[in-house]
Amino acid sequence: MMSDSLVHRGPDSSGIWSSGDGTVILGHRRLSIIAAHSGASQPMATRDGRHVLAYNGEIYNFKDLPVQVSATMGDTAAMLALWKDLGPASLPKLRGMFAFAMYDRADRSLYLARDRFGIKPLFYSCSSNGTLVFASEIKALVLSGMVPLEWDTDALWAFRKFLTVPGVSTAYRAIKQVPPGFMLRWRNGRCELESWAPAFHPPRIVDRRSHQERLDGLRAHLESAANRQLISERPITLLLSGGLDSGAIAASVQDRELTATAVSFGGDNQQDVDGARATSRWLDMDLNVLTLSHVDLVDEFQRMIHSHDQPFADAAGMVLGAVCRQLSGQMVVVLQGDGGDEVFFGYRMYARALMALRFGSFRKILLPFARFPRASRRGILIQSQLEALAAPDDRVLAQLSGIAHTQLPLSRGLGPRLLDSQPEDLVIDAHYIDAWNESRGLSPAQRVLEVDRRTRLHDLYLPKVDRASMNSSIEVRVPILDEDLVDYVRGLPDRDLVGGVRTKRILRAALHHRLPHQVVYGSKKGFGVPVDRWMRESLGVFAREVFSDKATIELGLIHSETALADLDAHEQGKPGLGPYLFALLALAVWGVQARSLQVGSTLR
């Protein structure tokens, strides 16, 4: 049942391994990409049978690992051999994305480990009776019949702020995530978590290099990261958005035979496709334009919620899901530019946070100016920035780095099940505060980036990419989150990242002559998601049905009368309600889906 629920993540083959006494059972679903032959199937054991491995992901540097394994056996065999030699000390040597289980039959220990940035998901439940259950998706744990299914109302309340359940929590109190860069060891019925990721110490030598030397070093790291992620025995493409991050990857692999893919949504707005075409022409790279002429919004919405197994309201997940469904059958591996903003200082909110950190000592001077009347839209922006500067440092970071990035009035539409158990703000914000406190010692700019990588990137953006792609049996790779590349950028001086309002300074400089001017210096690109319009069209009709449904009302997650009244106001043209209604719909639909899944688990 657990393995079958994950067939979309591995449609090519499956396997189950059980210890002699039945104490440990490992299951695996395989999407064959490296060493696609059956000899590399999982779970895989060492020749002496001591170590058994089941894992999800790719190790890109497996040919360079200090082990004696035939390259034809692929990354699974290499990682298994390295673990046999070094045990957990092998983890810092891996370059890739992974979530795996390794069983050591000699000391009867099971290890779960996750890559440093949390690109690949890994959920687990360790019960009081000593049972450990784990999987790549929550639904497999729910269907196991071995996990208590009480909802975590604190986590669901946090959805109000973040559009997802943040941190290592999930919608279920008994189910957690292995944190990025951590390892869980299960032995004698006990679970212990510890970090395996080495502490980062910025190399001071970088600051003493000339600007040109730093540019050359960045180009070399970009090329190394992108090229080693091209390893595949299945069709591979680069999703080219027309923006700087995907363009950086394209420029780094231009000497390789790779066809890029751009997405057109039809209509008159072709800016993204124009940017992608300009990049492909500049680099002499073949480009395939994928047109999404019609998207079934209701179907895509339900697929998105089902794939996350908990409330999730980033509407871009629907668009990416539709793109991957179109690519399915043509491509198996896709390169994307995710992580570029969080590595190279790409969001303007970072600049505001940096300003607050640097000039926070002037709070008393700025406070009177923050109280001036708001005379215009520009005046509102200036006043909001002055208010941020005049606030306590922790709250500045909270506002500008993500804690309050969603400010939707969701509490207005929440039902009694959540309103009756509202937690303190510190409970909700603890994830961000911990990331802030644990990033001390980094430069101001790098500290802002580190917090956002550990919070919003991990909580919202990487899960969106993983679920949308794997739901269509497609593996998305993110070269910009290569560990060596990230560490190199972390060692650069802040002035290389941001100056005034100009973000990604060193990345733009490194690509100045390697990409078209409009791509290097143009505005930020991304999937345009017209949530307001969607909620007035078929998704709004669907929302009315869901908000009125008896099952929704009985669950008590939303206040149906308020939601319906706000939907009426939205349809009549009241501004600002689209994202709020979209998030309420995500919460309501998840509740109904979760209850159905739980009923299915009890009927086994």
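In this text the structure is predicted, and so the values were computed from the model without any measurement. For the single chain, residues carry numbers from 1 onward in sequence order.
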What's the verdict on ring pair (Phe, Tyr, Trp, His ring centres under 6.0 Å) for Phe345 and Tyr350, showing C-alpha distance, side-chain angles and the deciding distance?
CA-CA 7 Å; Phe345 211 91; Tyr350 294 160; 5.3 Å; yes

Could you please spell out the steps behind the salt bridge (charged side-chain N to carboxylate O under 4.0 Å, His left out) verdict for Lys93 and Asp64?
CA-CA 10 Å; Lys93 298 183 180 297; Asp64 301 322; over 6 Å; no

Apply side chain to side chain contact (heavy atoms under 4.5 Å, CB included) to residues Phe62 and Met79 and explain how you reach the verdict.
CA-CA 7 Å; Phe62 75 93; Met79 182 161 56; over 6 Å; no

Take Leu497 and Val489, measure what side chain to side chain contact (heavy atoms under 4.5 Å, CB included) needs, and give me the verdict at the end.
CA-CA 9 Å; Leu497 299 175; Val489 177; 3.9 Å; yes

Assess the residue pair His431 and Asp459 against the criterion (side-chain hydrogen bond (donor to acceptor under 3.5 Å, both in side chains)); give the C-alpha distance rounded to whole Å, side-chain angles, the decisive distance to 0.1 Å, and a yes or no.
CA-CA 10 Å; His431 176 39; Asp459 300 343; 3.0 Å; yes

Please evaluate residues Leu283 and Leu515 with respect to the criterion side chain to side chain contact (heavy atoms under 4.5 Å, CB included), reporting the C-alpha separation (whole Å), side-chain torsions for both, the decisive distance (0.1 Å), and the verdict.
CA-CA 8 Å; Leu283 300 174; Leu515 289 173; 4.0 Å; yes

Any chance you could lay out the side chain to side chain contact (heavy atoms under 4.5 Å, CB included) test for Tyr60 and Asn227, step after step, and finish with the verdict?
CA-CA 10 Å; Tyr60 306 119; Asn227 279 276; over 6 Å; no

Show your working on ring pair (Phe, Tyr, Trp, His ring centres under 6.0 Å) between Phe100 and Trp83 and close with a plain yes or no.
CA-CA 12 Å; Phe100 71 76; Trp83 186 280; 5.8 Å; yes

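Comment: Glu223 engages Arg514 in a salt bridge, judged by a side-chain N to carboxylate O separation of less than 4.0 angstrom. For the pair Glu300 and Arg325, the salt-bridge criterion is met [side-chain N within less than 4.0 Å of a carboxylate O]. Taking 4.0 Å as the cut-off between side-chain N and carboxylate O, Arg95 and Asp482 do not count as a salt-bridged pair. Asp496 has no carboxylate O lying under 4.0 Å from a charged side-chain N of Arg505, or vice versa, which leaves the two without a salt bridge. Under a 4.0 Å N-O distance rule, the pair Lys139/Asp309 qualifies as a salt bridge.
Put simply, OG on Ser307 and CZ on Arg9 are 9.5 Å apart, with the number rounded to the nearest 0.5 Å. The CE atom of Met304 lies 11.0 Å from the CG atom of Leu297; values are rounded to the nearest 0.5 Å. The OH atom of Tyr124 lies 9.5 Å from the CG atom of Leu122; values are rounded to the nearest 0.5 Å. The CD1 atom of Ile119 lies 10.0 Å from the CG atom of Asp466; values are rounded to the nearest 0.5 Å. Separation of atoms OG (Ser14) and CG (Leu6) is listed at 11.0 Å; rounding is to 0.5 Å. In this structure, Arg490 CZ and Leu449 CG are separated by 9.5 Å, a value rounded to the nearest 0.5 Å.
For Ser232 against Ile33, the heavy-atom pair with the smallest separation is OG-CG2, 3.4 Å. Among all heavy-atom pairs drawn from Ala226 and Ser252, the shortest one is CB-CB, 3.9 Å. Scanning both residues, Val323 and Leu290, for their nearest heavy atoms gives O-CD2, 3.9 Å. The heavy-atom pair separating Ala260 from Leu240 by the smallest distance is CB-CD2, 4.1 Å. Across all their heavy atoms, Met285 and Ala250 have their closest contact at CE-O, 3.7 Å. Considering every non-hydrogen atom in both Ile474 and Cys324, the closest pair reads CD1-O, 3.3 Å.
Counting only residues at least two apart or in different chains, ring-ring contact (aromatic ring centres under 6.0 Å, His included) contacts with residues 312-340 comprise His308-Phe312.
With contacts defined as side-chain heavy-atom distances shorter than 4.5 Å, the pair Pro11/Leu31 qualifies. Within the 4.5 Å cutoff, the side chain of Tyr461 has heavy atoms near those of the Asp314 side chain. Asp484 has its side chain out of reach of Ser224: every pair of non-hydrogen atoms, C-beta onward, lies at least 4.5 Å apart. Put simply, the side chain of Leu335 does not reach to within 4.5 Å of the side chain of Leu239, judged on heavy atoms.
For Gln177 (side chain) and Gly167 (main-chain N/O), a donor-acceptor pair under 3.5 Å exists by modelled atom type. Between the Arg508 side chain and the Thr503 main chain, a donor and an acceptor come within less than 3.5 Å of each other. Looking at Thr164, its side chain never comes within 3.5 Å of a backbone N or O of Pro166 through a donor-acceptor pair. For Glu233 (side chain) and Ala35 (main-chain N/O), a donor-acceptor pair under 3.5 Å exists by modelled atom type. Arg114 places a side-chain N or O within 3.5 Å of a backbone atom of Gly118 that can act as its donor or acceptor partner. Side-chain atoms of Asp115 come within 3.5 Å of backbone atoms of Phe98 as a donor-acceptor pair (strictly under, hydrogens ignored). Ser90 contributes no side-chain N or O that, together with a main-chain N or O of Leu86, makes up a donor-acceptor pair within less than 3.5 Å. For Gln326 (side chain) and Thr291 (main-chain N/O), a donor-acceptor pair under 3.5 Å exists by modelled atom type. Ser246 places no side-chain N or O within donor-acceptor distance of the main-chain N or O of Gln336, the cut-off being under 3.5 Å.
Every residue meeting the side-chain contact (heavy atoms from CB on, under 4.5 Å) condition with Ser439, not counting sequence neighbours, appears here in chain and number order: Trp436, Leu442, Arg447, Glu450, Val451. Under the rule for a side-chain hydrogen bond (donor to acceptor under 3.5 Å, both in side chains), the partners of Glu438 that lie at least two apart in sequence or sit in another chain are Arg454. Under the rule for a side-chain hydrogen bond (donor to acceptor under 3.5 Å, both in side chains), Ser469 has no partner lying at least two apart in sequence or in another chain. Not counting sequence neighbours, Phe123 has no partner by the ring pair (Phe, Tyr, Trp, His ring centres under 6.0 Å) test. Listed by chain and residue number, Thr261 satisfy the side-chain hydrogen bond (donor to acceptor under 3.5 Å, both in side chains) test with Thr237 (two or more places apart in sequence, or in another chain).
The one candidate from Arg453, Arg348, Lys504 that meets the salt bridge (Lys or Arg N to Asp or Glu O under 4.0 Å) condition with Asp341 is Lys504. Test Arg467, Arg29, Glu137 against His8 for side chain to side chain donor-acceptor pair (under 3.5 Å) and you get one pass: Glu137.
A donor-acceptor pair shorter than 3.5 Å can be found between the side chains of Tyr521 and His512. At a cut-off of 3.5 Å, with distance as the only test, a side-chain donor of Ser443 or Asp494 sits close to an acceptor on the other residue. Side-chain contact of Asn471 with Arg303: a donor-acceptor pair under 3.5 Å is absent, judged by distance alone.
By the neighbour-count criterion of 12 heavy atoms within 6.0 Å, atom CD of Gln212 is densely surrounded, having more than that number from other residues, nucleotides or ligands.
The aromatic rings of Tyr488 and His221 sit parallel, their planes meeting at an angle under 30°, below the 60° perpendicular limit.
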